[in-house]
Amino acid sequence: MDDLLHMGGYARFVWPAFAATLLVLGGLLIASVRALRANETRLAELDAVGRSQPGETGT
Amino acid sequence: MHALANPSRLVRLAGTYAPWCAVATVVTLAAGLFLALIASPPDYQQGESVRIMYVHVPAAWMALFCYSCMAAASAVALIWRIPTAELAAKATAPIGACFTFLALVTGSLWGKPMWGTWWVWDARLTSVLVLFFLYLGYIALSTAFDDPARGSRAASILALVGFVNVPVIKFSVDWWNTLHQPASVVRAGGPAIDASMLAPLLVMAVAFTCYYLWVMLLRLKSEILAGKIRAIQLRRMHG
Amino acid sequence: MLTAALAIAGREFRLAVRQGFDSLLAVVFFVLACVLFPFGVGPEPAVLARIAPGIVWVAALLATLLSLDRLFQTDYDDGTLELLALAPLPLTAVVAAKVAAHWMMTAGPLLIAAPLLALLLGLAADAFPALLATLALGTPALSVIGAIGAALVLGARRAGVLLALLILPLYIPVLIFGVAAVDAAAFGLTVRPHLMLLAGLSLAAAVIGPPTTAAAIRLALR
């Protein structure tokens with residue numbers, strides 16, 4: 001375990017590289033999922049309004 | 001092909017395939033990280049620092065792969081006037097930008113112990129930096145108009161113009177004699193790399209590809225829904 | 001068709017001459033940007049002579065960028081571009097004529113100002129012809145590539161900054177080969193291959209540029 005953390009003296013470079021990868025990819029994933037959820041909720045709201053008020057034309 | 005051009009069917013397809021991509025990503029990423037960090041041997045020259053390669057090289061591949069996909073989707077969108085292809089290109093751009101950024105950052109972290117410097121202005125590094133700016137330009141242009149359709153179409157043209165950079169990146173290490181090492185996996189005459197190191201590299205590449213497909217499908221679905229929302233709002237406004 | 005294209009180029013010239021101050025501005029910017037460097041890096045003659053090709057080329061790049069926003073924007077705003085798109089002359093030819101006029105109006109003054117600036121920066125005398133040759137061969141590529149960007153950002157928010165973001169990365173190859181040629185001349189090496197590459201870049205840009213720009217303009221007019 002100690003060897004793994006130490007990385008033969010290169011821990012300073014190896015771990016930030018893997019951490020940056022996971023952080024950036026994870027961040028993009030979370031941002032994408034949240035944008036999708038927001039759009040899904042918005043569309044559901046709009047659909048609900050459209051169904052409850054048929055024939056509604058104004059804003 | 002026509003199924004992919006229909007937004008509603010595409011939303012359903014994305015909903016079906018995204019979970020499978022998610023599972024594939026998690027499994028291959030776990031396997032890839034295990035192989036890269038624990039199961040593979042240190043390099044006889046570079047020691048443990050070689051492990052950075054297992055994220056750096058796949059990220060650099062994905063940077064080029066995403067741009068190629070983006071350019072191909074843009075070409076399809078412009079030639080056959082398929083709006084969903086534009087949305088696919090638009091969904092790809094941020095993912096490609098992230099992979100390019102990671103290729104630059106991890107390359108820098110690898111360069112410091114190996115070359116003794118965080119950055120050199122050699123052909124490979126510079127052309128990848130240009131690729132990063134092309135991604136940023138694409139994203140900025142596609143969101144710069146009040147009419148999103150106009151933005152994604154203009155950005156499609158930019159993606160095609162910027163494609164000239166992709167072969168320059170691929171062959172920069174062959175054309176110019178630089179510090180960056182030449183290709184050792186994808187080259188004529190087979191890979192010049194030991195199987196114990198090739199395995200984690202390829203598994204990580206598969207994991208990144210699955211991740212790309214997963215997030216691309218999520219973003220594509222999100223883009224299509226955003227388009228529907230806009231259409232409904234416009235309809236309500238104009239009665 | 002040639003007469004029509006020449007008429008459009010002629011119109012651009014007359015417009016540029018009547019708004020003479022506008023075309024002068026790019027040159028003034030070019031000179032100012034170059035003059036900033038001795039203050040920035042210090043007046044050491046050896047240092048300035050070494051980086052003179054880079055300074056002149058980067059300033060030329062930025063001056064071209066600065067002049068691009070007028071290329072289509074005014075015609076787009078007052079509807080002229082729409083008329084030109086409907087004219088029997090192909091839009092690609094219209095674009096080629098406009099870009100050719102733009103090149104002559106911006107590269108001409110730059111070519112006159114560049115030797116003076118190179119003199120101020122102490123560039124080696126051997127490198128002067130190379131500097132002028134690279135600017136003459138490289139600036140067409142700058143105008144053509146810039147035109148694509150200028151057409152793409154028509155009607156965009158914050159078009160000026162956006163144009164810089166789109167165009168500057170694509171200018172880098174021109175910059176690399178332009179400076180490499182002048183450096184080679186300053187060190188007494190052969191200049192020819194660099195000039196051939198620059199000419200090749202300009203030719204390739206001239207082939208791809210106008211149709212792409214025309215497509216981008218049609219997009220903006222739709």
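Excluded from the calculations below are hydrogen atoms, water molecules and symmetry mates; all remaining heavy atoms, backbone and side chain alike, are included. Remember, predicted model here, so these are calculated numbers, not experimental data.
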Atom [atom1] of [X]: over 12 foreign heavy atoms under 6.0 Å:
| X | atom1 | value |
| --- | --- | --- |
| B:F65 | CZ | no |
| A:F18 | CZ | yes |
| B:W20 | CH2 | no |

Do [X] and [Y] come within less than 4.5 Å of each other through their side chains, counting heavy atoms only?
| X | Y | result |
| --- | --- | --- |
| B:I232 | A:D47 | yes |
| A:T21 | B:F208 | yes |
| A:V14 | B:L109 | no |
| B:T106 | A:F13 | no |
| A:L28 | B:R219 | yes |
| B:Q233 | A:R42 | yes |
| A:V24 | B:V105 | no |

Residue part contacting chain A, namely of [X], when any heavy atom lies under 4.5 Å:
| X | result |
| --- | --- |
| B:W214 | side chain |
| B:M216 | neither |
| B:L218 | both |

How long is the straight-line distance from CH2 of A:W15 back to CD1 of B:I52, given to the nearest 0.5 Å? 11.0 Å
Distance col, row B:E223:CD vs A:S32:OG, nearest 0.5 angstrom, shows 10.0 Å
Among B:L225, B:L29, B:L33, which residue has the highest count of heavy-atom pairs closer than 4.5 Å to chain A? B:L225
Taking B:A36, B:C98, B:P113, B:A226 one by one, which has the highest count of heavy-atom pairs under 4.5 Å against chain A? B:P113
Please test A:L46 against B:K228 for side chain to side chain contact (heavy atoms under 4.5 Å, CB included), starting from the C-alpha separation and ending with a verdict. CA-CA 10 Å; A:L46 285 172; B:K228 287 190 172 179; over 6 Å; no
Heavy-atom closest contact (A:N39 atom, B:S222 atom, distance): ND2-OG, 2.9 Å
Side chain, backbone, both or neither: which part of A:L25 has an atom under 4.5 Å from a heavy atom of chain B? both
Per-residue contact mode, A:E40 against chain B (heavy atom under 4.5 angstrom): both
